[in-house]
Amino acid sequence: MTSATELPAAAPADDETGTTGLGTSPLRTDALPKALGIYPYAADLWAEGLLWGAVLRSPHPHARIVSVDTSAALAVPGVHAVVTAADLPAGPDGTPVVADRPVLAAGVVRHHGEPVAAVAADHPDTARVAAAAILVEYELLEPVTDPEVAFHAPPLHPDGNLLRHLPLRTGDPDAVGTIVVEGLYQVGRQDPAPIGAEAGLAVPRPDGGVELHLSSTDPHGDRDRTAACLGLEPDRVRLVATGVPGATADREDLSFQVTLALLALRTGRPVKMTLTRAESFQAHTTRHPALLRYRHHADADGTLVKVEAQILLDGGAYADVSAEALAAAVAFSVGPYTCPNVFVDAWAVRTNNPPAGRMRGEGALQSCFAYESQLDQLAKQLGVDPLEIRRRNAMSTGDPLPTGQAVTCPAPVTALLDALADSPLPALPLDDPEADWLLPGGPGGAGDPAAVRRGIGYAVGMVHMLGAEGEDEVSTATVRVSGDHATVICAAVDSGQGFATLARQIVQSVLGVSEVYIAPVDSDQTAAGPAARGRHTWVSGGAVERAALMVRHQMLQPIAADFGMSVELLTINDGKITSYDGVLGMPVSQALEGRELWATAQCRPHPTEPLDPETGQGDAFVSIAFCAMRAVVDVDIELGAVRVVDMTVAQDVGRALNPRQIENRIEGAVAQGVGLALLENLRTEHGIPLNASLTGYRLPTALDTPDIRIAALLEERDVVAPFGAKAVSAAPAVVAPAAVAAAVRAATGLPVGRLPILPEDATLA
């Protein structure tokens with residue numbers, strides 16, 4: 001069997017100056033094989049005796065399963081197994097957060113595309129033909145697709161339709177302001193649309209267990225949930241993490257890996273499954289659609305007096321992480337601003353729409369769009385500059401969130417706004433026929449250049465890092481050094497965020513060893529947790545640093561003893577050990593000659609607590625990252641066509657561990673945010689997606705992506721974080737849609753209350 005993770009050890013990752021370690025920008029070691037198209041992913045795997053899997057999915061968003069007849073499928077030549085929910089030995093339930101999502105539907109289907117049965121055959125086409133031959137008799141049920149109706153609709157699940165209600169109460173409910181602005185805001189259903197569709201390989205083991213090769217971002221979580229669904233002990237399931245072809249969500253569809261493993265166990269042969277793009281849209285979760293009602297009270301100079309809000313998240317058919325997303329939406333409902341009186345009611349509900357789950361800044365993005373739109377309204381009523389209204393209310397370190405938690409990490413909101421103010425604006429379009437491609441609609445468009453208006457908008461947002469509300473965050477890493485090279489063993493999956501490069505830089509900085517190999521990830525290693533919320537930079541990077549420091553002490557202790565000094569008087573720079581007095585100068589390779597050193601360490605941040613279910617109060621978050629953005633757009637006010645000209649970003653990064661990688665992550669997040677602002681929306685009708693393909697679901701291309709400039713990477717270190725660094729990519733994705741909406745609002749004078757912004761939202765009759 002070909003493994004998708006056994007890559008050759010990389011050459012030393014030097015940057016242009018020839019230095020290594022933290023603060024430099026080495027080339028990612030997977031950059032070249034990915035650019036050449038030779039980097040192995042799960043879709044590239046092969047094994048002797050391979051069978052192919054296919055899934056039958058429900059064509060209905062809500063129906064009762066009357067019967068399932070698999071006889072026609074079993075009669076297809078080349079078919080080796082057909083499985084349904086009845087074949088799951090431990091029952092059908094299992095999901096990342098709340099155990100309510102079936103692996104294969106049993107009794108009822110709750111969303112379009114829900115898996116009902118699966119087939120293993122000797123050819124992928126045979127498997128798909130056989131899956132289509134399975135006869136399922138459905139009794140159609142009325143789908144609940146309006147989240148506001150879900151409160152009073154018949155229960156879609158034994159637990160009911162309400163996933164969570166979270167009120168937030170702080171301050172004086174009778175407080176009023178001189179100026180009051182109100183708004184109703186709507187956020188659509190953004191799909192992560194990963195560059196590679198879901199794929200995997202399951203291989204049965206001699207002990208009755210199974211080995212899974214998947215693009216998992218949480219190997220131990222997926223292993224444990226798969227084992228539970230199959231009625232196996234966790235040590236009977238091994239998960240090998242393959243290359244992840246893009247993941248801005250958690251790839252949370254548990255059905256895929258359990259069904260794959262079940263087919264392998266049933267047939268006794270390896271089974272591979274590669275989803276089509278249409279199936280991929282059905283298989284993974286989306287961003288939560290949201291409806292938000294806001295009322296801001298302010299005094300005569302624009303200082304916030306009270307914020308009132310109602311927030312409704314559509315969780316789709318299953319719980320997934322809706323409760324977690326709701327907590328972020330509520331806690332950050334006022335944004336990076338201070339307000340003494342805040343009253344919020346928020347709900348997440350079940351519907352028969354596609355399931356919603358984790359996606360960059362879940363919950364925080366929806367609130368950001370609403371509260372930033374409110375501040376623009378407030379600035380307009382007061383006749384003040386949008387930047388100024390934000391400065392007057394900006395949060396600082398030590399200020400409380402509406403949840404009562406003090407923001408003890410750096411909160412440089414004013415400095416971020418100042419960086420935007422100091423950044424030059426892009427030039428206006430030239431009065432040149434050859435530059436007509438710069439106008440909305442592009443060359444040959446129907447628009448009149450005289451109808452184009454330029455708008456400038458601002459937005460500031462915040463996201464939490466790591467898990468929240470009492471989630472135990474911990475990661476473990478081992479660092480082993482032998483001769484002139486080191487190996488890092490850590491089950492942190494590099495899902496595109498560059499953890500492998502960061503781990504290499506950490507070891508280079510601490511130990512002075514240039515050649516660092518990152519071991520492939522599998523569930524036999526000690527758990528490191530999921531790749532989400534920037535947690536691997538913090539907890540896994542922290543674990544690698546601690547293990548490397550322990551090895552450093554082992555290496556330096558005998559040298560220090562020989563010279564009659566303490567280890568603290570020795571330093572390692574440029575691969576050389578030197579003493580404080582300059583007497584000692586020894587290459588690291590010499591100190592390690594003939595020795596093999598290793599250490600294992602854990603990193604666990606300080607604990608958090610759940611938000612109070614009655615008041616929303618509590619210290620729920622480990623730390624927070626902030627981002628400010630300025631968007632410049634050109635709008636054809638007759639056609640409603642919008643072109644984003646420029647996005648300028650100022651971000652709170654704590655410490656820039658790899659400046660180039662940070663900039664790349666910001667650029668990707670901004671592009672994703674622009675996609676939600678103008679293009680991306682998985683539209684549904686009666687619960688059935690209408691555009692679940694890459695031709696129907698519009699993603700931003702290189703022509704849609706604006707110039708993205710970094711005004712500032714503010715390095716005010718978070719003292720409780722390893723290296724002082726903060727997460728990078730979620731915050732720009734949260735802020736970009738709000739900034740684009742603000743710019744369209746400035747260009748047109750229209751309220752712009754929904755995402756994505758449609759042509760009718762930007763048209764002046």
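The first residue of the sequence shown is numbered 1, and numbering continues consecutively from there.
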(message) List the residues meeting side-chain hydrogen bond (donor to acceptor under 3.5 Å, both in side chains) with T303, not counting sequence neighbours, and say none if there are none.
(response) D301
(request) Over all heavy atoms of both residues, which pair between A364 and V463 is shortest? Give the atoms and the distance, please. (result) CB-CG1, 4.3 Å
(message) If the test is side-chain contact (heavy atoms from CB on, under 4.5 Å), which one of Q190, R189, M359 qualifies with T286?
(response) R189
(message) Quick check: F281 with Y697 (ring centres under 6.0 Å apart)?
(response) yes
(request) Would you mind checking if D345 and R169 are paired as a salt bridge, meaning a charged N to carboxylate O distance below 4.0 Å? (result) yes
(request) For R391, check side-chain hydrogen bond (donor to acceptor under 3.5 Å, both in side chains) against everything at least two apart and list the hits. (result) D418
(message) Going by side-chain hydrogen bond (donor to acceptor under 3.5 Å, both in side chains), name the residues that satisfy it together with R655, two or more places apart in sequence or in a different chain.
(response) none
(message) Under 4.0 Å between a side-chain nitrogen and a carboxylate oxygen: does that hold for D718 and K726?
(response) no
(request) In plain terms, say whether R709 and D646 are close enough for a salt bridge, that is, a side-chain N and a carboxylate O under 4.0 Å apart. (result) yes
(request) Please name the residue in the list V413, V407, N393, L416 that meets the side-chain contact (heavy atoms from CB on, under 4.5 Å) test with P336. (result) V413
(message) Under the side-chain hydrogen bond (donor to acceptor under 3.5 Å, both in side chains) definition, can you give me all pairs with a residue in residues 394-404, not counting sequence neighbours?
(response) none
(request) Apply the side-chain hydrogen bond (donor to acceptor under 3.5 Å, both in side chains) test between Y185 and each candidate in Q374, R293, Q366, R754; give the one that qualifies. (result) Q374
(request) Using the test side chain to side chain contact (heavy atoms under 4.5 Å, CB included), find all partners of L679 that sit at least two apart in sequence or belong to another chain. (result) R698, P700, D704
(message) Tell me whether E667 is salt-bridged to R660, with the criterion being a basic N under 4.0 Å from an acidic carboxylate O.
(response) no
(request) Go through the structure and list residues passing ring-ring contact (aromatic ring centres under 6.0 Å, His included) with Y458, not counting sequence neighbours. (result) none
(message) Determine whether R392 and D299 satisfy the following criterion, salt bridge (charged side-chain N to carboxylate O under 4.0 Å, His left out), listing intermediate values before the conclusion.
(response) CA-CA 11 Å; R392 292 179 188 180; D299 62 20; over 6 Å; no
(request) Check G618 against L611 and note the closest heavy-atom contact, atom names and distance. (result) O-CD2, 3.7 Å
